[in-house]
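What follows is a set of notes on a single structure, which appears directly below.
Just so it is clear, the values below take in all heavy atoms, side chains as well, and ignore hydrogens, waters and symmetry mates. Not measured: the values here are computed from a predicted model.
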2 protein chains.
Amino acid sequence: MVVNAYIIDAVRTMVLMRMSFEERLGSHLKRVEQELQAAKSAAVKPAGLTVPQYAALFVLDEQPGISAAELARRCLVTPQTMTTILRNLESAGLIERTPHPLHKHVIETRPTAAGRKALDQADKRAAAVERRLAAAFSEEEADTLRALLARVSESLTTDPILKS
Amino acid sequence: MVVNAYIIDAVRTMVLMRMSFEERLGSHLKRVEQELQAAKSAAVKPAGLTVPQYAALFVLDEQPGISAAELARRCLVTPQTMTTILRNLESAGLIERTPHPLHKHVIETRPTAAGRKALDQADKRAAAVERRLAAAFSEEEADTLRALLARVSESLTTDPILKS
DNA sequence: TGACGACCATCAGAACTCTGATTAGTCTCT
DNA sequence: AGAGACTAATCAGAGTTCTGATGGTCGTCA
């Protein structure tokens with residue numbers, strides 16, 4: 001019945017034009033990213049942070065006084081999203097925002113002492129997750145994974161469907 | 001000054017315990033997943049669907065009458081999230097929900113004619129994105145990528161930090 | 001100088017996503 | 001039959017994320 005199975009599959013593909021979820025690369029990517037998100041979330045939660053809040057604090061600690069727009073670019077989110085994240089961080093007393101002395105329209109953001117403390121606490125556990133991840137691969141394997149992901153990225157960002 | 005660079009890096013690592021964002025595998029995964037999400041979103045948008053709505057309709061079309069809880073498992077979201085998605089789909093007239101004849105507590109969900117039409121329209125473009133993705137890799141490369149992602153997954157789900 | 005474009009910040013609205021909690025039906029085992 | 005476990009559905013609340021729109025500021029270039 002191998003032939004029948006083949007025919008059925010071919011007909012299904014041609015008629016319905018459907019690919020099952022499991023055979024799609026995107027499903028694998030989504031699941032893994034979701035698990036990573038869950039692991040990081042559990043890691044930073046004891047510090048009272050969410051993952052995006054942790055990311056924002058992380059960048060702020062390296063570059064205090066950065067603008068919200070620049071922060072958004074570093075954290076791979078839109079400025080609107082960053083506004084929301086900063087609002088929550090500020091009301092928790094983890095950051096403070098002051099107008100830029102020269103550019104009046106720019107607001108400088110920097111972590112408070114409490115913010116740095118929360119970041120330290122969160123980073124210990126978050127970095128442990130990343131280290132564990134890194135330890136699961138040889139240098140060569142990690143490079144291969146990065147290269148393949150870059151290929152995915154390139155394939156997606158040059159996709160003509162986005163322009164139609 | 002190679003030695004100096006090495007020392008500086010080592011000190012930074014030991015004192016701050018920080019890994020920069022760019023060297024983290026998680027960043028690559030997040031960015032790629034985000035791009036994939038954006039591509040799919042653009043693909044299904046002309047049909048008036050969001051990506052989660054498309055995923056739900058897709059599974060519903062294959063298995064009409066499935067319960068919301070089962071649907072949530074297939075789509076990799078929580079039942080609460082699926083409730084939200086189904087509420088939006090129902091108010092758009094793309095699905096209909098009727099009580100199960102035997103199990104009174106279960107509600108059967110199935111796509112309407114309009115739902116199937118939207119799915120067809122969305123799937124043409126969404127499948128094109130996946131096909132383009134698949135075409136960017138040889139069979140062997142795709143297998144390698146899947147295998148490496150599975151290793152990431154395994155590393156994450158067995159992480160002891162989640163139990164502490 | 002004045003117009004235009006680029007950029008910053010933010011509001012508004014919508015969707016998705018989670019955790020936590022509640023309510024209720026089904027099943028199993030005693 | 002009844003207790004306990006499991007599952008289904010959903011509400012409540014919070015956070016993140018997007019698109020779209022608004023208003024203000026800065027710099028450049030005619």
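For B/Ile85, counting side-chain heavy atoms from C-beta on, the closest listed nucleotide (D/dA9, D/dT16, C/dC16) is C/dC16. Residue A/Ala69 places its side chain closer to C/dA9 than to any other of C/dT17, D/dT16, C/dA9. Among C/dT17, D/dT10, D/dT16, the nucleotide with an atom closest to any side-chain atom of B/Ile107 is D/dT10. When each of C/dA15, D/dA8, D/dT17 is scored by its nearest atom to the side-chain atoms of B/Gln53, the top-ranked nucleotide is C/dA15.
The side-chain contact (heavy atoms from CB on, under 4.5 Å) search around A/Ala142 returns A/Phe137, A/Arg146, not counting sequence neighbours. Not counting sequence neighbours, the partners of A/Pro111 by the side-chain contact (heavy atoms from CB on, under 4.5 Å) test are A/Leu57, A/Leu60, A/Asp61, A/Arg116. In this view, B/Gln80 and B/Thr78 satisfy the side-chain contact (heavy atoms from CB on, under 4.5 Å) rule, not counting sequence neighbours. The side-chain contact (heavy atoms from CB on, under 4.5 Å) check on A/Ala69 picks up A/Ser67, A/Arg73, with sequence neighbours excluded.
Residue order along DNA chain C, read from the 5' end via each residue's closest nucleotide, puts A/Arg97 first among A/Arg97 and A/Lys30.
Contact between the side-chain N/O atoms of B/Asn88 and the OP1/OP2 oxygens of C/dC16 is found at a separation under 4.0 Å. Not one side-chain nitrogen or oxygen of B/Arg87 sits closer than 4.0 Å to the OP1 or OP2 atom of C/dA14.
Atom CD of B/Gln34 and atom P of D/dT17 are 8 Å apart (whole Å). As a whole-Å value, the separation of A/Leu71 CG from C/dT10 P is 12 Å. In this entry the distance linking CD of A/Glu33 with P of C/dC18 reads 12 Å, nearest Å. As rounded to whole Å, 13 Å separates atom C1' of D/dA8 from atom CD1 of B/Ile66. Between the OH atom of A/Tyr54 and the P atom of D/dT16 there is a distance of 15 Å, rounded to whole Å. Put simply, CE on A/Met82 is 10 Å from P on D/dC18, counting in whole angstrom units. Straight-line distance from the CD atom of A/Glu70 to the P atom of C/dC8: 8 Å, rounded to whole Å.
Contacts of B/Thr83 with the nucleic acid, taken as non-hydrogen atoms under 4.0 Å apart, include base atoms. Within 4.0 Å of A/Val51, counting heavy atoms only, lies no atom of the nucleic acid at all. Within the nucleic acid shown, B/Thr84 comes within 4.0 Å of at least one base atom, counting heavy atoms only. Looking at heavy-atom distances under 4.0 Å, B/Thr50 makes contact with sugar-phosphate atoms alone, never a base. Within the 4.0 angstrom heavy-atom criterion, base atoms lie near B/Pro79.
Using a 4.5 Å cut-off on side-chain heavy atoms (C-beta onward), B/Lys30 and A/Gln37 make no contact.
Atoms CG and NZ, from B/Leu119 and B/Lys124 in turn, are 10.0 Å apart once rounded to the nearest 0.5 Å.
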Give each protein N/O atom lying under 3.5 Å from an N/O atom of nucleotides 20-25 of chain C, with the pair distance.
{"residue": "C/dG20", "atom": "O6", "partner": "B/Gln80", "partner atom": "NE2", "Å": "2.7"}

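Sorted by first then second residue, the side-chain hydrogen bond (donor to acceptor under 3.5 Å, both in side chains) pairs that include residues 106-115 of chain B, not counting sequence neighbours, are B/Arg97-B/Thr109, B/Glu108-B/Arg110.
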Would B/Gln34 and A/Glu33 satisfy side-chain contact (heavy atoms from CB on, under 4.5 Å), going step by step from the backbone distance to the final call?
CA-CA 9 Å; B/Gln34 213 167 32; A/Glu33 217 279 325; over 6 Å; no
